[in-house]
Amino acid sequence: MLKDIIIVGGGVAGLTAGLYAKRGGMDTLLIEKMFSGGQIATTYMVENYPGFDEPIGGPELAMKMEAHARKFGLEILYDEVAELKLDDRIKKVITTNGEYEAKALILCMGAEPKTLGLDKEELFRGRGVSYCATCDGAFYKDKVVAIVGGGDTAVEDAVFLAQHANKVYLIHRRDALRASKILQDRLFQNPKIEILWDTVVDEILGEQGVEGLLVRNVKDNSKKELKVDGMFVAIGIQPNTGLIQGKLTTDDGGFVIADENMATNIPGVFVAGDLRKKPLWQIITAAADGAVASISAQRYIMEEFA
Ligand code: NAP
């Protein structure tokens, strides 16, 4: 069946695009492979989204956004997209269970955490290696954990982990954090957190799961073993580009390049959220992208399919 707009991905950008599309009277389908909310569904607390002057849980905010979009009649299909056919005027979305067509697509597949690429990192995933403190932090009650990274995620997660664990090492490869000042202040004030500056992880130690880390100071090359029960990795995000590789113009990191209308190099294909190359990946910029992409898609349809 031919839809006006199909949105791929039900994170903040996708849900906002859906809300705007339905308010604009568009016949719209959003396809999501897992659950609504994307990365905020695994975020402990959100305190920088305007209008919520008290911190709100990420999953709760995600549910509110989904409910808000559904209130305007957004149809959400839980299915995995296997292929996108973008070349023709009518775009095709092939999922595991069906095939859908649309006049315009808004791609909101988001991003996922980067990995360190260490031996045993993949093997011990779920056995001491985690990329989501909110999801797995509670397993480390009264234990010792390490978190790698120096951005907002690592610092926020370190403070969160300290609510559960006895001790948290924050391992950062430089001597200065990239995280925002307010988060850094909380980190420095927390007596359970020890920061290992200029330090990288060379090896994950353990037989059946994480038992420790071999870390190295990059300035003097000294090495030491840290006894930890878990390692969290928060070293940034990489875009989910599997469906668009070789089809859309991206930067070297794989983030899709779009103009200020969220239009990609293919007419009728728009992008929004963490998948897009931009200077700031936050909830508010994902929502803004979704709104702009949706309005642009509506204008495109009115002009091209009048
Ligand atoms: P990020 O800002 O890209 O920071 C990644 C950190 O990991 C940097 O400190 C980087 O070190 C380090 N790193 C990168 N590759 C590494 C490697 N191979 N080995 C060791 N360390 C490595 O990523 P993020 O913290 O996940 O944040 C992503 C986006 O989400 C940002 O725009 C951020 O502002 C946003 N965010 C916002 C909030 C909030 O507003 N509350 C919370 C979470 C995330 P260098 O500093 O040396 O490059």
Side-chain angles (χ1 to χ4, degrees), residues 11-13 37-62 108 110-122 129-135 137 146-161 168-188 193 195-204 213-219 226 231-240 251-255 272-289:
V12 173
Q39 292 195 84
I40 61 161
T42 56
T43 298
Y44 174 54
M45 281 290 168
V46 175
E47 61 173 16
N48 55 354
Y49 192 61
F52 293 88
D53 56 344
E54 290 297 328
I56 177 167
E60 192 187 344
L61 183 58
C108 309
E112 62 183 13
K114 280 188 194 162
T115 61
L116 283 164
L118 293 168
D119 283 351
K120 296 191 184 168
E121 188 176 349
E122 187 53 39
V129 174
S130 171
Y131 301 85
C132 179
T134 315
C135 316
I147 178 144
V148 184
D152 283 334
T153 306
V155 171
E156 211 168 56
D157 286 358
V159 174
F160 172 74
L161 287 167
V168 178
Y169 292 104
L170 183 117
I171 301 173
H172 184 38
R173 63 182 178 182
R174 286 194 293 134
D175 59 0
L177 298 166
R178 181 184 287 273
S180 55
K181 171 91 172 54
I182 188 170
L183 297 176
Q184 290 196 32
D185 290 346
R186 281 178 207 158
L187 181 86
F188 296 142
I193 301 172
I195 304 171
L196 303 181
W197 299 105
D198 302 307
T199 301
V200 293
V201 179
D202 276 346
E203 205 180 320
I204 301 172
L213 301 175
L214 182 63
V215 298
R216 175 170 48 90
N217 183 299
V218 291
K219 286 208 165 138
L226 280 187
M231 176 183 77
F232 289 81
V233 180
I235 59 164
I237 52 172
Q238 57 193 12
N240 290 317
D251 69 0
D252 291 344
F255 290 95
D274 287 352
L275 183 60
R276 183 171 84 86
K277 176 182 164 54
K278 56 181 174 174
L280 183 66
W281 289 274
Q282 299 236 330
I283 301 173
I284 190 155
T285 60
D289 280 7

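Basis for what follows: all heavy atoms, side chains included, without hydrogens, waters or symmetry-related copies. For ligands, and for the atoms within them, numbers begin at 1 and follow the listed sequence.
Side chain of Asp202 to main chain of Leu214: no donor-acceptor pair is present (N/O by atom type, distance under 3.5 Å, no hydrogens or angles). A donor-acceptor pair is defined here as one N or O able to donate and one able to accept, closer than 3.5 Å; such a pair exists between the side chain of Glu121 and the backbone of Leu116. Between the side chain of Asp289 and the main chain of Ala272, no donor-acceptor pair closer than 3.5 Å is present. With Glu203 contributing its side chain and Asp119 its backbone, the two residues share no donor-acceptor pair below 3.5 Å.
Ranking the protein heavy atoms by distance from atom 26 (O) of ligand 1 puts Thr153 OG1, 2.7 Å first. Looking only at heavy atoms of the protein, atom 18 (N) of ligand 1 is closest to Ile235 CD1, 3.8 Å. The nearest protein atom to atom 37 (C) of ligand 1, hydrogens excluded, is given as Gln282 NE2, 3.2 Å; this is a heavy-atom distance. Shortest contact from atom 42 (C) of ligand 1 to any protein heavy atom: Glu156 OE1, 3.3 Å. Here the heavy atom of the protein found nearest to atom 29 (C) of ligand 1 is Trp281 O, 3.7 Å.
Close approach of ligand 1 to Arg174 (heavy-atom distance below 4.0 Å) involves ligand atoms 45 (P), 46 (O), 47 (O). Each of the atoms 3 (O), 5 (C), 23 (O), 26 (O) of ligand 1 lies under 4.0 Å from some heavy atom of Gly236. Ligand 1 places these atoms under 4.0 Å from at least one heavy atom of Gly150: 6 (C), 7 (O), 8 (C), 9 (O).
Using a 4.5 Å heavy-atom threshold, the side chains of Val46 and Phe52 count as separate. With contacts defined as side-chain heavy-atom distances shorter than 4.5 Å, the pair Leu226/Leu196 qualifies.
Among Pro113, Cys132, Pro59, the single residue meeting the side-chain contact (heavy atoms from CB on, under 4.5 Å) criterion with Thr42 is Cys132.
The CH2 atom of Trp197 lies 14.0 Å from the CZ atom of Arg173; values are rounded to the nearest 0.5 Å. Atom CG of Asn48 is separated from atom CD1 of Ile284 by 8.5 Å, given to the nearest 0.5 angstrom.
Residue Leu183 has no nitrogen or oxygen atom sitting less than 3.5 Å from a nitrogen or oxygen atom of ligand 1, judged on distance alone. At least one N or O atom of Arg178 sits closer than 3.5 Å to an N or O atom of ligand 1.
Selection from Met45, Arg173, Glu47 by nearest heavy atom to atom 12 (C) of ligand 1 gives Arg173. Taking each of Ile40, Ile182, Asp152 in turn, the one with a heavy atom nearest to atom 38 (C) of ligand 1 proves to be Asp152.
Within 6.0 Å of atom NZ in Lys120, more than 12 heavy atoms from other residues, nucleotides or ligands are found, so the atom counts as buried in its surroundings.
Under 4.0 angstrom from ligand 1, the non-hydrogen atoms of Asn48 all belong to its side chain. Under 4.0 angstrom from ligand 1, the non-hydrogen atoms of Leu116 all belong to its side chain.
The shortest heavy-atom distance from His172 to ligand 1 is under 4.0 Å.
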